[in-house]
Amino acid sequence: MISMTELSKKHVSPESAARLKKRKSAQKRLQMLGIMAITISGLALVTLLWSVFGKATGAITESYIEMTIELDADEIDRDNIRAANFSGMAKSMLKDSFPYVSGRTPRRQMYDLISVGAAFELRDMVMENPSLVGQTITFEFLASDIADLYLKHSYGQIEAAPHTGDISLVTEGKVTTIQSSAPDFAPLLVSVRAGLHAKAEGLRTQAQMQENGRVVFDQRAADGEDVEVNLAEAIRRGAARDQFYAQADELDALAAQQGAVFDLDSRTASVFVRVGDSWIKLETISETSGSGEILGEFTQDSYAAADWELMVYATPETARKVSDIQAMLLENLRDADKIVTHFNTHFFTAGDSREPELAGVWGAAVGSFWTMMVTVIFAFFIGVPAAIYLEEFAGDSRATRFVEVNINNLAAVPSIVFGLLGLSVFIGFFGMHRSSPIVGGIVLGIMTLPVIIIAARAAIKAVPPSIRDGAMALGASDLQVSMHHVLPLSMPGILTGTILGMARALGETAPLIMIGMVAFIVDIPDGPTDNATVLPVQIFRWADFPERAFEARTAAAIVVLLLFLFVMNFAAIILRKRFERRW
Amino acid sequence: MTFLTALSIVALAVLFYNFSRIRAISAANGVQANLHSRPSYHGLYSFLWVFLVGVTALIIGSILTPHPMVLFGVVAGLSAAVGIWTTRGITAETRARNKAERIVTGILWACAGVAVLTTIGIILSLVFETYNFFESLGWRVDKFLFGTRWSPLSGLQDGVMDPDRVGILPLMVGTLMITAIAMIIAAPIGLLAAIYLSEFASQRVRGWVKPMLEVLAGIPTVVYGFFAAITVAPLLRETGDLFGLKIASESALAAGIVIGIMIIPSISSLADDVINSVPQSLRDGSLALGATKAETIRQVVIPAALPGIFSAMLLGVSRAIGETMIVVMAAGQGANLTANPFEAVTTITVQIVMLITGDTDASTAAGPAFSLAFTLFCVTLVLNIVAMRVVRKYREAYD
Amino acid sequence: MTNVKISNRHVDVYYGDNHAIKDVSIDILDKTVTAFIGPSGCGKSTFLRCLNRMNDTISSCRITGDILMDGEDIYAKSVDPVQLRARVGMVFQKPNPFPKSIYDNVAYGPKIHGLVDNKTDLDEVVELSLKRAAIWKEVKDRLNESGTSLSGGQQQRLCIARAIATAPEVLLMDEPASALDPIATAQIEELIDELRHQYSVVIVTHSMQQAARVSQKTAFFHMGDMVEYGDTTEIFTNPVDQRTQDYITGRFG
Ligand SMILES: Nc1ncnc2c1ncn2[C@@H]1O[C@H](COP(=O)(O)OP(=O)(O)OP(=O)(O)O)[C@@H](O)[C@H]1O
Ligand SMILES: [Mg+2]
């Protein structure tokens with residue numbers, strides 16, 4: 001028999017105190033877990049914003065190359081400026097400015113430094129001001145994405161290496177040999193070799209990965225599962241493996257070159273000797289000397305023996321988009337103060353483009369605007385009456401409950417399904433045309449409808465019965481009560497819900513992809529029936545482009561989208577605060 | 001021209017509004033009290049009729065696409081005719097107010113019907129294509145549901161697909177794997193956050209954390225997709241390299257984690273709601289027995305809120321299953337039947353996107369795409385209905 | 001000879017600006033049933049909740065004055081409310097069974113406090129508690145059913161069983177019989193009478209008869225003041241204060 005009085009004594013026993021301590025620490029643990037959960041969510045948010053904003057900084061500015069160009073009256077017909085070959089003129093300007101760049105490939109690489117859009121901008125300027133024809137002007141040519149990224153250090157940098165010796169030059173035919181009085185190239189030999197070995201190791205790891213894959217697919221084929229497909233895949237992986245091994249062996253062989261002279265090529269770091277504006281790209285180096293072709297103009301007497309620089313581009317040429325020639329020219333231009341950076345106006349004023357430096361979000365922003373207009377008109381003018389009906393007129397019948405369940409379910413249907421609805425009804429059945437804001441807007445409107453109905457009903461429900469009763473007592477009909485008394489009072493709540501619904505629609509992507517709003521559209525849409533794209537779809541497309549420069553622009557477009565969302569949410573909060581009423 | 005026609009409808013409607021009003025006033029011999037309804041109701045009645053008939057005619061006309069001038073003529077003519085009809089027999093006794101109100105109520109009713117119409121539209125369009133697709137497969141629905149190979153376009157012959165290549169099992173596995181990863185992240189974090197917020201956090205902490213979660217909830221999925229592809233996937237790959245794990249750059253893991261992050265706020269806010277709706281008296285009962293807060297939460301609050309928490313989880317699962325952009329951007333597109341979360345997998349939504357945006361002729365791709373969408377719709381619908389049932393039962397228990 | 005179990009000196013309670021208890025001093029005796037009576041909203045529950053620090057859970061609530069249990073200040077820093085509440089049990093106005101089985105409801109307290117360390121003892125405590133709360137007969141065959149499936153009166157007795165099972169030294173009961181039929185009420189009153197031999201019991205009640213039947217001491221509260229405190233027989237037969245007299249004669253309520 002248990003005595004309760006005995007049990008009571010346990011509450012004040014030392015065991016109980018010890019137990020309490022444990023129980024308290026269990027409490028602390030739960031609390032810690034909660035704090036951790038919140039911290040993790042916070043960290044996720046910060047990481048997301050940090051990575052987006054961090055990447056977006058790369059698109060804040062754009063680079064221009066300032067050059068003088070002669071607008072030769074012979075080349076430009078004053079009456080038909082549009083027909084003139086401005087891009088040809090720009091090219092010959094470059095050719096004249098850098099006469100020492102010769103050969104097809106180097107020339108083409110040089111032309112690639114300025115954007116294809118630069119010539120059009122020059123043309124537009126001349127068309128606006130025809131008196132320029134015949135003059136020589138200074139013009140800021142928009143740099144290409146590659147040049148821009150190099151200038152922003154996105155591809156690494158050419159950097160000066162230490163040296164102590166004086167140099168002397170001996171030119172034999174095209175090849176110039178530099179002899180330094182000190183072993184200035186010795187450290188480079190070491191680092192170049194190390195770089196090659198490291199690269200070879202990387203290739204071997206990749207080869208190993210291919211081999212692992214091959215084994216898996218081989219096994220699957222052996223198990224009789226989709227034999228021909230798996231076998232083909234296994235063979236493909238095997239070939240890739242062999243290729244990686246071969247490349248690795250080649251690099252190792254390159255690194256293992258014996259003898260005094262070491263051959264550099266596009267798989268090793270690039271090494272240059274620079275004197276003033278002129279460069280020698282070294283093709284071979286030894287501890288005290290190097291040799292290569294001169295790029296620029298300098299002769300035995302045009303330099304002081306001690307006045308030279310040893311330059312290294314550690315990233316091999318094959319591993320970067322910018323070539324040695326381009327890097328050298330850009331370094332020269334930068335040193336001559338010919339590189340100008342401006343706020344990236346293209347990004348904010350242009351439509352889409354395949355050239356990153358010409359691509360902008362304005363087209364998508366305007367497209368989003370038209371789409372949202374259609375959405376809001378559709379969702380608001382159907383959603384609010386629907387809410388009034390359900391809240392004020394529909395009794396608690398089975399039909400009403402069916403409609404309610406319907407609306408709640410619609411709110412949870414995956415957005416992609418709405419896209420398919422739009423595809424089959426508006427595109428398929430009504431034959432409306434793809435990528436127009438009107439179709440996109442209606443699809444998003446249908447999607448937003450449940451959100452607005454739910455918000456509007458809540459707002460209407462919040463109007464106290466006293467107001468309704470008061471109006472009724474004055475002899476107003478049901479409809480008059482709803483329209484003249486209840487609706488105006490619930491409007492702030494309805495608007496808040498509408499704005500929040502719009503904010504969600506603004507970020508929606510999948511349904512628009514379904515209805516084909518992913519076309520490449522350069523022009524800025526003038527109305528809801530023009531071809532258009534929208535911000536989130538633009539982001540989706542850019543994220544898929546291989547050009548490195550699009551990464552920053554995608555991030556910047558996200559920042560723009562987030563900014564719009566922020567403004568909308570902020571407006572909703574203000575609206576709620578201002579009209580918050582305590583009845 | 002369409003715009004002009006629309007404008008003419010509005011103009012006619014306004015015209016007849018005034019016309020009816022004036023007629024009503026004259027019918028009352030200038031004494032308003034004689035009228036059953038005020039003049040503006042007579043106006044409204046005409047306005048509504050003209051407007052509705054005009055707009056209906058315009059919509060039907062736009063679908064039939066006759067010559068613009070013909071359309072204009074017919075629409076304007078019809079509107080005017082209706083207008084004249086409404087203004088003809090106006091007397092002081094005409095019950096214009098009741099009639100007008102009935103029309104307005106009808107319009108409100110029709111608007112509420114749009115929601116039902118949408119559901120019907122979704123079901124019809126999905127069922128229609130799915131039916132055709134299954135028919136073309138010779139009704140081998142079993143192959144569709146349980147087949148282990150998904151590459152519908154590779155087995156295409158004369159527009160008919162090979163039933164052996166339309167098995168959605170690999171897609172199901174991919175979808176479930178990503179959903180599972182997402183829930184492993186979101187369920188504990190969302191629930192613990194909700195518990196902390198509702199039971200421990202001070203007003204000030206709530207004031208900071210709630211908006212933070214709202215921001216997390218408001219970020220568009222395409223942004224999460226970018227984040228997954230550009231930041232999370234490379235991070236995972238590098239971390240994997242450190243530990244000798246090979247994580248593909250497009251892996252189920254990256255997509256799953258990011259979807260998990262995305263649904264944390266919805267789970268935590270739903271769970272927060274249900275935890276808050278557990279009556280205080282239960283907490284008091286436990287505390288009064290000398291239980292600590294943690295014991296009260298674990299042994300009383302959570303069991304009491306369990307149905308609600310369960311349905312919050314179901315809604316989270318439903319969102320993860322239907323998520324499109326994140327997986328499209330981060331999870332890869334090859335239909336591998338794999339249980340390895342480090343490899344690329346594909347999901348139902350990804351395949352829908354690929355089929356619809358692919359190069360294949362739209363009518364061919366529609367079959368499998370809509371069938372997938374129908375499957376998706378059914379799965380999420382069931383999840384939602386179950387979740388809503390459970391929540392309603394739960395609310396009834398405590399009201 | 002009975003001695004003081006809980007001694008209250010100059011206790012004031014505020015809910016924000018609402019001064020709910022005004023300078024109350026009262027000694028609750030050990031092995032005695034004390035009844036709190038008074039009109040609705042006079043602060044009976046509030047004062048009761050001070051005795052086991054349940055008011056700590058209400059953020060707007062502020063308490064001043066001294067409350068000593070066995071000579072120890074229960075609001076001292078060194079006292080943990082969790083431990084205090086194990087010693088001062090409470091039964092609420094409205095029954096609040098946990099959404100668990102009947103057995104688990106009663107076993108909840110002994111389990112968390114580690115009062116017993118084997119299943120047989122636990123079974124015994126549960127049975128004993130249910131018996132003393134006069135509900136054993138009704139539930140002995142359905143111990144695994146949910147506590148919420150019981151009727152209101154049964155739920156209240158379950159809550160009493162739950163409180164007893166924790167083996168408190170003081171039992172606070174806030175209108176425990178308000179949801180009970182006369183038979184169950186009689187059983188509860190019997191229980192209270194029995195508990196008196198071991199514990200100190202404080203009961204809030206609106207029923208004068210009940211107070212007269214079960215309590216030895218009675219305190220009358222009115223608008224936050226403790227108007228009168230004394231032997232129950234004394235209070236009911238010979239009240240000092242006019243307000244007390246008015247109340248027990250039913251002139252206001
Ligand atoms: N949680 C609370 N927050 C704020 N004020 C409270 C709270 N609980 C009680 N009060 C106030 O304290 C005063 C006393 O309330 P209390 O519940 O103690 O009355 P009571 O005597 O128990 O009444 P009843 O017999 O109706 O239960 C009342 O004015 C009440 O409004
Ligand atoms: Mg009370």
Side-chain angles (χ1 to χ4, degrees), chain A residues 23-24 26-27 30-31 33-35 37-38 40-42 44-45 47-48 51-52 209 226 382 385-386 388-390 393 403 406-410 412-417 420-421 423-425 430 446 449-450 453 477 479 503 507 509-510 513-514 518 536 539-540 543 551 554 558 561 565 569, chain B residues 63 101 104-105 107-109 111-112 114-116 118-119 121-122 125-126 129 149 188-189 192-193 195-196 200 209 212-213 215-216 218-223 226-227 229-231 246 261 264 292-295 297 315 318 322 324-325 329 349 352-353 356-357 370 373 376-377 380-381 384 388:
Chain A
R23 291 164 62 201
K24 286 278 164 172
Q27 162 134 339
L30 183 66
Q31 218 164 338
L33 283 174
I35 292 175
I38 287 168
I40 291 174
S41 335
L45 178 64
T47 318
L48 188 151
S51 77
V52 167
M209 280 169 130
D226 275 340
I382 293 184
I388 294 175
Y389 181 79
L390 289 174
F393 294 97
V403 175
N406 229 298
I407 289 168
N408 287 333
N409 275 324
L410 273 185
V413 169
S415 61
I416 190 171
V417 173
L420 287 176
L421 171 75
L423 178 64
S424 65
V425 174
F430 289 128
I446 291 176
L449 197 57
I453 296 181
S477 69
L479 193 68
T509 322
I513 294 179
M514 288 298 98
V518 272
I539 291 165
F540 170 63
E551 196 177 288
T554 312
I558 290 178
L561 178 63
L565 292 179
N569 280 289
Chain B
I63 295 167
E101 290 198 341
V104 173
T105 318
I107 294 174
L108 297 182
W109 175 86
C111 287
V114 169
V116 182
T118 307
T119 309
I122 288 177
S125 56
L126 294 181
E129 293 286 355
R149 182 154 170 223
I189 294 184
L192 285 168
I195 289 174
Y196 185 80
F200 292 110
V209 176
M212 178 200 91
L213 290 172
V215 169
L216 213 51
I219 290 176
T221 55
V222 69
V223 178
F226 179 76
F227 178 58
I230 299 287
T231 310
K246 290 182 298 292
I261 294 173
I264 286 173
T292 61
K293 235 177 174 181
E295 285 158 352
I297 293 164
L315 290 177
S318 148
T324 309
M325 295 319 295
M329 293 169 84
T349 48
I352 298 174
V353 171
I356 297 289
T357 58
F370 278 74
L376 183 67
F377 177 77
T380 50
L381 190 70
N384 291 323
M388 284 194 310

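Convention: sequence-line order gives letters A, B, ...; per-chain numbering from 1.
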Proximity breakdown for [X] and chain A, heavy-atom pairs closer than 4.5 Å:
{"X": "B/V104", "value": "side chain"}
{"X": "B/T292", "value": "both"}
{"X": "B/V209", "value": "side chain"}
{"X": "B/E129", "value": "neither"}
{"X": "B/I107", "value": "neither"}

Pairs of heavy atoms under 4.5 Å with chain A: top-ranked of B/L315, B/T105, B/I195: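 Greatest number of close heavy-atom pairs with chain A: B/T105.
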
Options A/I388, A/V518, A/L390, A/T554, ranked by heavy-atom pairs under 4.5 Å with chain B, top entry: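 Result: the option with the highest number of such pairs is A/T554.
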
Among A/L48, A/N569, A/L561, residue most engaged with chain B (heavy-atom pairs, under 4.5 Å):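 Looking at each of A/L48, A/N569, A/L561 in turn, A/L48 comes out on top.
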
Could you pull out the closest heavy-atom pair between [X] and [Y], with the gap in Å?
{"X": "B/S318", "Y": "A/A412", "result": "OG-O, 4.3 Å"}
{"X": "B/F226", "Y": "A/A543", "result": "CD1-CB, 4.1 Å"}
{"X": "B/M325", "Y": "A/I513", "result": "CE-CD1, 3.6 Å"}
{"X": "A/P536", "Y": "B/V222", "result": "O-CG2, 3.6 Å"}
{"X": "B/A294", "Y": "A/Q27", "result": "N-OE1, 2.9 Å"}
{"X": "B/M212", "Y": "A/I38", "result": "CE-O, 4.0 Å"}

Residues forming a side chain to side chain contact (heavy atoms under 4.5 Å, CB included) with A/P385, sequence neighbours excluded: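 Side chain to side chain contact (heavy atoms under 4.5 Å, CB included) list for A/P385, sorted by chain: B/L108, B/C111.
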
Nearest 0.5 Å please: distance from the [atom1] atom of [X] over to the [atom2] atom of [Y].
{"X": "B/I352", "Y": "A/I416", "atom1": "CD1", "atom2": "CD1", "result": "4.5 Å"}
{"X": "B/T349", "Y": "A/M514", "atom1": "OG1", "atom2": "CE", "result": "9.0 Å"}
{"X": "A/N409", "Y": "B/I122", "atom1": "CG", "atom2": "CD1", "result": "10.0 Å"}
{"X": "B/L216", "Y": "A/S41", "atom1": "CG", "atom2": "OG", "result": "6.5 Å"}
{"X": "A/L420", "Y": "B/I356", "atom1": "CG", "atom2": "CD1", "result": "5.5 Å"}
{"X": "B/I219", "Y": "A/L565", "atom1": "CD1", "atom2": "CG", "result": "9.0 Å"}

Considering only heavy atoms from C-beta outward, does the side chain of [X] approach that of [Y] to under 4.5 Å?
{"X": "B/L192", "Y": "A/L30", "result": "yes"}
{"X": "B/F227", "Y": "A/T47", "result": "yes"}
{"X": "A/S51", "Y": "B/I230", "result": "no"}
{"X": "A/V413", "Y": "B/T380", "result": "no"}

Using non-hydrogen atoms only, which part of [X] is less than 4.5 Å away from chain B: side chain, backbone, both, or neither?
{"X": "A/F540", "value": "both"}
{"X": "A/L410", "value": "side chain"}
{"X": "A/L33", "value": "both"}
{"X": "A/L423", "value": "side chain"}

Set of salt bridge (charged side-chain N to carboxylate O under 4.0 Å, His left out) partners for A/E551, sequence neighbours left out: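 Salt bridge (charged side-chain N to carboxylate O under 4.0 Å, His left out) list for A/E551, sorted by chain: empty.
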
Audit row: A/N406, B/T118, side-chain contact (heavy atoms from CB on, under 4.5 Å) steps and yes/no: CA-CA 9 Å; A/N406 229 298; B/T118 307; over 6 Å; no

